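When reading the values below, keep in mind they use all heavy atoms of this one structure, side chains included, and skip hydrogens, waters and symmetry mates. Bear in mind the structure is a predicted one, so any value in this text is a computation, not a measurement.
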Amino acid sequence: MKYFVSLAVFSLTFLSFTYLPQNQQDGWISIFDGTLNNWKVGRNASTFSIEDGSIKVNGPVAHIYYDGPVKKHIFTNFEFKADVKTLPGSNSGIYFHTSYQEGGWPEKGYEAQVNNSHTDWRRSGSLYGFSDVREVYAKDNEWYTEYIKVEGKRIIIKINDKTVVDYTEPENPGRDEKNTQRVLSSGTFALQGHDPKSTVYYKNIMVKPLAD
């Protein structure tokens, strides 16, 4: 009997190390479960919906903020990645180190641009307004991966594993009055609904917290 009990305990222990929960692999934690649970949006909430297991963004200006339990939605150092698909002429963005606002453009934090063919020349992967990318590294109508890493004062943004931004925030950033909160601090993530003519999809939204 002791042999079988020991074998059962060993088997359960082995499985617990071999098979991690679906929402956590190699330190990566899913913050999107196929619903809008754990996400918070104020005005123009209809801009965000679920379509085929992804977040569809289409409608008036709005932002949806991660409001879930991981790190109590307050991140300082982290890696973030999401699969993104833009339709032609679309614009969106991924904010980080931001905080919930009922409406308007988020005042706090930075934006990683999502835009492959919109009239705005700043393309996907730009650290909007601070380290902008003119080159197009992803195509409309195709899924691509946008990755953001913040560690200390350094921000790295990749498109499909290609580094397109490597920015170190200066000791004294010297922001103007409109951008006083465009600095590294801590906060949550937000997805942007830019305009009614833009349609963008997000899925496989993951974060890996790093030591602060």
If you compare all heavy atoms of [X] against all heavy atoms of [Y], which two are closest, and at what distance to 0.1 Å?
| X | Y | result |
| --- | --- | --- |
| Tyr65 | Ser99 | CE2-O, 3.1 Å |
| Asn204 | Asp83 | ND2-OD2, 2.6 Å |
| Ile159 | Val164 | CG1-CG2, 4.1 Å |
| Ile31 | Trp39 | O-NE1, 3.0 Å |
| Ser54 | Lys203 | CB-CB, 3.9 Å |
| Ser126 | Val133 | OG-N, 2.7 Å |

Minimum side-chain heavy-atom gap [X]-[Y] below 4.5 Å:
| X | Y | result |
| --- | --- | --- |
| Thr145 | Asp161 | no |
| Ile55 | Ile205 | yes |
| Arg134 | Arg123 | no |
| Ile94 | Leu191 | yes |
| Val165 | Ile156 | no |
| Phe78 | Lys71 | no |
| Asn38 | Asp67 | no |

Ignoring hydrogens and angles, tell me if any N or O in the side chain of [X] forms a donor-acceptor pair with the backbone of [Y] under 3.5 Å.
| X | Y | result |
| --- | --- | --- |
| Asn58 | Phe48 | no |
| Lys153 | Pro170 | no |
| Thr47 | Pro60 | yes |
| Asn172 | Gly174 | no |
| Ser30 | Phe32 | yes |
| His97 | Leu184 | no |
| Lys108 | Ser186 | yes |
| Gln101 | Glu107 | yes |

For residues Phe75 and Phe189, establish whether the separation of their ring centroids is below 6.0 Å. yes
Would Phe130 and Tyr110 count as a close aromatic pair, with their ring centres under 6.0 Å? yes
In the single-linkage hydrophobic clustering (I, L, V, M, F, W, Y; side-chain heavy atoms under 4.5 Å), do [X] and [Y] co-cluster?
| X | Y | answer |
| --- | --- | --- |
| Val150 | Tyr167 | yes |
| Val61 | Tyr100 | no |
| Val207 | Leu210 | no |
| Val136 | Trp143 | no |
| Val200 | Tyr128 | no |

Parallel, tilted or perpendicular: which describes the rings of His194 and His118, with under 30° parallel and over 60° perpendicular? perpendicular
Going from [atom1] on [X] to [atom2] on [Y], what distance comes out if it is rounded to the nearest 0.5 angstrom?
| X | Y | atom1 | atom2 | result |
| --- | --- | --- | --- | --- |
| Ile157 | Ser131 | CD1 | OG | 7.5 Å |
| Leu87 | Ser117 | CG | OG | 9.0 Å |
| Lys208 | Phe80 | NZ | CZ | 14.5 Å |
| Ile155 | Glu169 | CD1 | CD | 6.5 Å |

For the residue pair Ser198 and Asn91, confirm or rule out a side-chain donor-acceptor distance under 3.5 Å. no
When Thr86 is tested against each of Asn141, Thr199, Val57, Asp140 for side chain to side chain contact (heavy atoms under 4.5 Å, CB included), which residue passes? Asp140
Looking at Asn115, Asp195, Val114, which one forms a side chain to side chain contact (heavy atoms under 4.5 Å, CB included) with Ser92? Val114
With Arg154, the side-chain hydrogen bond (donor to acceptor under 3.5 Å, both in side chains) member among Asp166, Asn77, Thr168: Asp166
Tyr144 vs Glu146, test: side-chain hydrogen bond (donor to acceptor under 3.5 Å, both in side chains). Steps then yes/no. CA-CA 7 Å; Tyr144 74 91; Glu146 188 148 348; 2.9 Å; yes
Salt bridge between Glu151 and Lys149, side-chain N to carboxylate O under 4.0 Å? yes
Are the charged groups of Arg122 and Asp120 less than 4.0 angstrom apart, N to O? yes
Take atom CD of Glu102 as the centre, draw a 6.0 Å sphere, and report whether it contains more than 12 heavy atoms from other residues, nucleotides or ligands. yes
side-chain contact (heavy atoms from CB on, under 4.5 Å) between Lys81 and Trp28, worked out: CA-CA 9 Å; Lys81 61 183 178 181; Trp28 286 99; 3.6 Å; yes
